[in-house]
Amino acid sequence: MVNKVSVFLPYGGKSDLNQTIGSLRQSALCGEIFALQLDEHLPKQDEVTTLHTQQLFSTASMKLIAEHAKDKYIAFVKQDTAIQLGQFAFERLTAIAEATGAGMVYADYYEVKEDKMLQHPVIDYQKGSLRDDFDFGFMMLFTTSAFKQAVASMDVEYQFAGLYDLRLKISALAPLFHISEYLYSSIESDLRKSGEKIFDYVDPKNRAVQIEMEQAVTAHLKNIGGYLKPVFTEVAFGAQQFPVEASVVIPVRNRVKTISDAIGSVLSQKPNFAFNLIVVDNFSTDGTTEIIAKFAKNDSRVVHVIPDRKDLGIGGCWNTAVHHEQAGKFVVQLDSDDMYKDENTLQLMVDTFYRENCAMVIGSYQMTNFQLEEIPPGIIDHKEWTPENGRNNALRINGLGAPRAFFTPVLRGINIPNSSYGEDYAAAIAISRKYQIGRVLVPVYLCRRWDGNSDAALSIQQSNAHNMYKDKIRTIELEARIRLNSSAE
């Protein structure tokens with residue numbers, strides 16, 4: 001096996017292929033180039049070897065690559081787009097693969113948008129980087145030996161999760177190493193804002209893909225000792241007394257445009273139990289404070305809390321409410337720019353605690369614009385959650401749904417990280433390690449998307465920071481589960 005790189009490119013008929021081939025051929029390390037052709041009726045390319053496959057990321061495609069790769073390394077390009085190698089890019093990728101013993105290396109890259117080269121850094125891979133949408137960039141370089149070893153262990157034929165299954169298997173064999181250097185450029189084809197991309201994984205049209213991804217991650221967790229069997233701790237709801245049955249919690253800072261609607265949707269609730277609303281006003285400066293104070297003056301159910309410290313994120317505001325003397329037996333989330341769907345939301349959430357004996361309940365929500373008109377992808381119900389495997393699959397996806405409700409004694413024992421992103425996810429997966437999480441599969445919450453949302457249009461640096469943090473949360477939880485399983489043996 002020579003010290004070169006076999007390159008595998010998707011080919012769907014775009015004219016970019018010849019441009020990519022020309023760039024690759026300039027490298028002394030470029031070995032044979034293969035075009036993974038999805039449509040057998042497309043004209044063959046003279047300068048490459050054509051391989052036919054029906055799904056680019058299928059198990060069959062991974063096996064096809066393993067069969068034809070004869071060089072020491074495999075470069076896999078994930079999208080039919082123009083790739084321009086940087087100076088000595090293959091030399092750098094292969095040298096670092098050799099130096100680190102990595103099974104796969106990947107690098108930062110440049111996006112070409114409107115003839116401008118923009119930096120697109122990616123993030124380090126860690127044990128908890130289990131998301132199937134982890135951004136490796138457009139090009140991944142594998143050591144052929146690790147690739148073939150992983151393929152040899154594939155015992156499920158996936159249509160969509162073959163590449164995901166492959167990299168999970170490789171990650172159990174050798175490191176996946178991120179090179180913080182811009183080693184190539186590519187044309188970015190997905191020009192949507194970050195706030196439009198984050199719901200792709202719950203789009204109903206992707207359901208078949210998600211089923212396979214869950215199957216692959218579950219097998220991986222079993223392989224590395226992080227899988228949890230469906231055995232849960234019972235919840236004792238009557239052990240403590242609380243001033244009310246439920247408290248809605250709204251952490252808020254500077255939401256003068258939306259806070260009235262949020263509060264109004266809570267006060268319109270008509271459950272068969274006593275409830276209150278704890279609004280943690282994190283030193284608003286735009287008139288939000290005055291609006292909350294007016295509601296509190298006119299309705300004794302509204303508890304207006306201004307923290308005694310100024311270092312709190314959303315999670316810290318949540319902790320302030322949860323540990324408040326007026327907190328109810330259950331605490332139910334509402335973001336300051338969202339609304340409850342109708343007067344039955346609280347009743348449905350609380351009923352689920354008792355019916356399913358769970359320490360946390362997550363509802364379903366409807367995506368709307370600011371005028372409450374439904375927008376794609378519509379209703380987000382997370383039906384992929386199952387009582388048997390939900391907490392395992394939770395380590396793969398980036399969110400679990402809304403509204404989120406907690407049994408207060410359990411949440412007081414865990415506490416929410418004092419951050420403003422991923423704090424609820426961290427609490428949820430920690431709770432799910434021991435307790436069952438219940439689901440409300442009808443929409444009870446209106447998630448309003450507008451330019452004021454904190455995740456409406458994040459920079460790549462902000463998105464990376466968010467994803468890095470959630471991966472870290474998953475790493476912590478995965479390590480805890482592996483230790484739990486080891487202690488039980």
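Looking at Ser486, its side chain does come within 3.5 Å of a backbone N or O of Ile482 through a donor-acceptor pair. Side-chain atoms of Asp80 never come within 3.5 Å of backbone atoms of Tyr11 as a donor-acceptor pair (strictly under, hydrogens ignored). Under a 3.5 Å cut-off, the side chain of Ser23 and the backbone N or O of Thr20 do not form any donor-acceptor pair. Proximity of a side-chain donor or acceptor of Asn223 to a complementary backbone N or O of Ala172 within less than 3.5 Å is not detected. Checked by atom type and distance alone, the side chain of Tyr425 pairs as donor or acceptor with a backbone atom of Ile397 at under 3.5 Å. One N or O on the side chain of Asn418 and one on the backbone of Asp311 form a donor-acceptor pair closer than 3.5 Å. In this structure, the side chain of Asn282 engages the main chain of Leu312 through a donor-acceptor pair within 3.5 Å. Side chain of Glu212 to backbone of Gln159: a donor-acceptor contact under 3.5 angstrom is found.
Inter-residue side-chain proximity for Asn464 and Val122 is flagged as unmet; no heavy-atom pair is nearer than 4.5 Å. Contact of the Lys4 side chain with the Phe90 side chain is not registered, since no non-hydrogen atoms from C-beta on lie closer than 4.5 Å.
Summarising the local packing, CD of Glu91 is surrounded by more than 12 heavy atoms from other residues, nucleotides or ligands at distances under 6.0 Å.
Phe370 is linked by a ring pair (Phe, Tyr, Trp, His ring centres under 6.0 Å) to Trp450, counting only residues two or more places apart in sequence or in another chain. Phe406 meets the ring pair (Phe, Tyr, Trp, His ring centres under 6.0 Å) test with Trp318; sequence neighbours excluded. By the side-chain contact (heavy atoms from CB on, under 4.5 Å) test, Asn369 is found to be paired with Gln371, Glu373, Ile375, residues two or more places apart in sequence or in another chain being considered. Arg167 meets the salt bridge (Lys or Arg N to Asp or Glu O under 4.0 Å) test with no other residue; sequence neighbours excluded. By the side-chain contact (heavy atoms from CB on, under 4.5 Å) test, Asn392 pairs with Leu221, Tyr227, Leu228, Asn389, Arg481, sequence neighbours left out. Phe76 pairs by the ring pair (Phe, Tyr, Trp, His ring centres under 6.0 Å) definition with nothing, not counting sequence neighbours. Residues satisfying the salt bridge (Lys or Arg N to Asp or Glu O under 4.0 Å) test with Glu374, not counting sequence neighbours, are none. Qualifying ring pair (Phe, Tyr, Trp, His ring centres under 6.0 Å) partners for His220, counting only residues two or more places apart in sequence or in other chains: none. Asn467 meets the side-chain contact (heavy atoms from CB on, under 4.5 Å) test with Ile123, Arg131, Asn398; sequence neighbours excluded. Taking Lys383 as the reference, Asp381 meet the salt bridge (Lys or Arg N to Asp or Glu O under 4.0 Å) condition, with sequence neighbours excluded.
Salt bridge status for Lys116 with Glu114: absent, with no side-chain N to carboxylate O gap under 4.0 Å. Salt bridge status for Glu384 with Arg396: absent, with no side-chain N to carboxylate O gap under 4.0 Å. Lys63 has a carboxylate O that lies under 4.0 Å from a charged side-chain N of Glu157, or vice versa, which qualifies the two as a salt bridge.
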For a quick test of your reading: what N or O donor-acceptor pairs under 3.5 Å do the side chains of residues 26-35 make, sequence neighbours left out?
from, atom 1, to, atom 2, distance (Å)
Ser27, OG, Leu29, N, 3.2
Glu32, OE2, Thr49, OG1, 2.6

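For the pair Ser420 and Gly313, the tightest heavy-atom approach, listed with the atom from each and the gap, is OG-CA, 3.3 Å.
Tested against Ser171, the residues Leu166, Leu130, Leu176 include a single side chain to side chain contact (heavy atoms under 4.5 Å, CB included) partner, Leu176.
Under the 3.5 Å distance criterion, with hydrogens and angles disregarded, no donor-acceptor pair is assigned to the side chains of Gln55 and Tyr158.
Between Phe136 and Tyr106, the ring planes lie perpendicular to each other; the angle is over 60°, past the 30° to 60° tilted range. Ring geometry, Tyr184 versus Tyr109: the interplanar angle falls under 30°, so the pair is classed parallel (tilted spans 30 to 60°).
Among pairs with a residue in residues 412-423, none fulfils salt bridge (charged side-chain N to carboxylate O under 4.0 Å, His left out), at least two apart in sequence or across chains.
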